[in-house]
Amino acid sequence: MSMEMLFESFNHLHWLLVGLLVVIIELFLWSTFLLWIGVSAVTMSIAVYLYPQLSLGIQLLAFVLFSVGSSFIAIRYFPVRTVDAELSRKAQQHIGKECTVVSIGNDVFKVKLGESLWFAKGFDMSIGQKVRIVDTVSSILIVEPFTEDSLR
């Protein structure tokens, strides 16, 4: 079967197969980007089913437009929220709070904040020392020594 014959006989079932394959691949990649390309291919399957006279060139152009449009809409209105982004947002909510250093190992400091343990950095700390959170980098707390002067 030559490529010309394949493209001449390209129909809605081919678009549906491409769309489903891309969505299945997306299930293993966890990126959500391919999801919208797969949805675009399934949309093309419906369009070609309803309008079988569409040339392959028009089909490909419409597919590219659907893919770009759906990807743009997804990125703009349905951003992916990762665990890292959620942790970073929660870490920022703790700026200004006091916590206690509970462990030190290989220049990795852990502080206890409420019932949670967080990674921290900022200066040479010792276990049991009170520190104040002044900033965050990703989900790591940036701390400074806690003193009564730091409350003002």
Side-chain angles (χ1 to χ4, degrees), residues 10-51 54 56-152:
F10 206 75
N11 62 33
H12 69 283
L13 293 176
H14 293 101
W15 281 113
L16 183 62
L17 181 63
V18 167
L20 293 176
L21 283 174
V22 170
V23 169
I24 289 170
I25 291 169
E26 174 61 41
L27 291 174
F28 294 102
L29 296 180
W30 295 80
S31 69
T32 71
F33 177 72
L34 289 179
L35 173 67
W36 303 109
I37 294 173
V39 167
S40 297
V42 172
T43 303
M44 281 308 306
S45 173
I46 294 168
V48 172
Y49 178 77
L50 295 174
Y51 302 101
L54 289 175
L56 184 62
I58 297 295
Q59 291 177 36
L60 291 174
L61 179 64
F63 171 69
V64 168
L65 292 175
F66 283 146
S67 295
V68 169
S70 63
S71 296
F72 174 77
I73 289 169
I75 289 168
R76 172 104 174 144
Y77 296 106
F78 305 106
V80 175
R81 290 187 172 89
T82 63
V83 172
D84 291 338
E86 192 66 22
L87 275 175
S88 179
R89 185 185 61 74
K90 286 183 180 182
Q92 289 175 350
Q93 293 176 346
H94 296 302
I95 293 175
K97 293 183 180 178
E98 174 188 343
C99 53
T100 305
V101 178
V102 293
S103 74
I104 301 170
N106 296 332
D107 293 330
V108 176
F109 302 93
K110 290 182 186 173
V111 296
K112 186 167 187 174
L113 183 61
E115 296 298 315
S116 302
L117 293 178
W118 291 80
F119 290 113
K121 65 180 182 178
F123 66 98
D124 288 332
M125 298 175 239
S126 58
I127 294 178
Q129 182 177 8
K130 298 283 186 196
V131 294
R132 186 172 67 97
I133 302 163
V134 294
D135 200 2
T136 64
V137 173
S138 185
S139 61
I140 298 172
L141 304 176
I142 308 300
V143 297
E144 65 181 19
F146 179 79
T147 61
E148 295 302 319
D149 293 338
S150 65
L151 289 176
R152 292 185 200 119

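Predicted, not measured: the structure shown is a model, and the values here were computed from it.
In terms of heavy atoms, V23 sits closest to G38 at CG2-CA, 3.9 Å. Taking all atoms of both residues into account, the shortest heavy-atom contact from F10 to Q59 is CD2-OE1, 3.8 Å. When every heavy atom of C99 is checked against every heavy atom of L113, the shortest pair comes out as CB-CD1, 4.0 Å. The shortest heavy-atom contact between S126 and I104 is CA-CD1, 3.7 Å. The shortest non-hydrogen separation linking S70 to S40 is OG-OG, 3.2 Å. Between A120 and V111 the shortest heavy-atom distance is CB-CG1, 3.8 Å.
Atom CG of residue L141 and atom NE2 of residue H94 lie 7.5 Å apart, to the nearest 0.5 angstrom. Between I58 atom CD1 and M44 atom CE the span is 9.5 Å, to the nearest 0.5 Å. The line from CG of L16 to CG of N11 is 10.0 Å long, rounded to the nearest 0.5 Å. Distance OG1/T136 to CD/Q92: 4.0 Å, rounded to 0.5 Å. One distance of note links NE2 of H14 with CG of L56; it measures 11.0 Å at 0.5 Å rounding. To the nearest 0.5 Å, the span separating NZ on K110 from CZ on F119 amounts to 5.0 Å.
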**OP:** Quick one: do E98 and V131 satisfy side chain to side chain contact (heavy atoms under 4.5 Å, CB included)? Show the steps, please.
**Re:** CA-CA 6 Å; E98 174 188 343; V131 294; over 6 Å; no
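Partner of I95 under the side chain to side chain contact (heavy atoms under 4.5 Å, CB included) criterion, chosen from I142, V134, I133: I133.
Between V64 and L60 there is no side-chain heavy-atom pair separated by less than 4.5 Å. Taking the side chain as every heavy atom from C-beta outward, V101 and V143 never approach each other to under 4.5 Å. Counting only heavy atoms from C-beta outward, the side chains of Q129 and F123 approach each other to under 4.5 Å.
In this structure, the side chain of T100 does not engage the main chain of K130 through any donor-acceptor pair within 3.5 Å.
Ring planes of W15 and F63: tilted class, angle from 30 to 60°.
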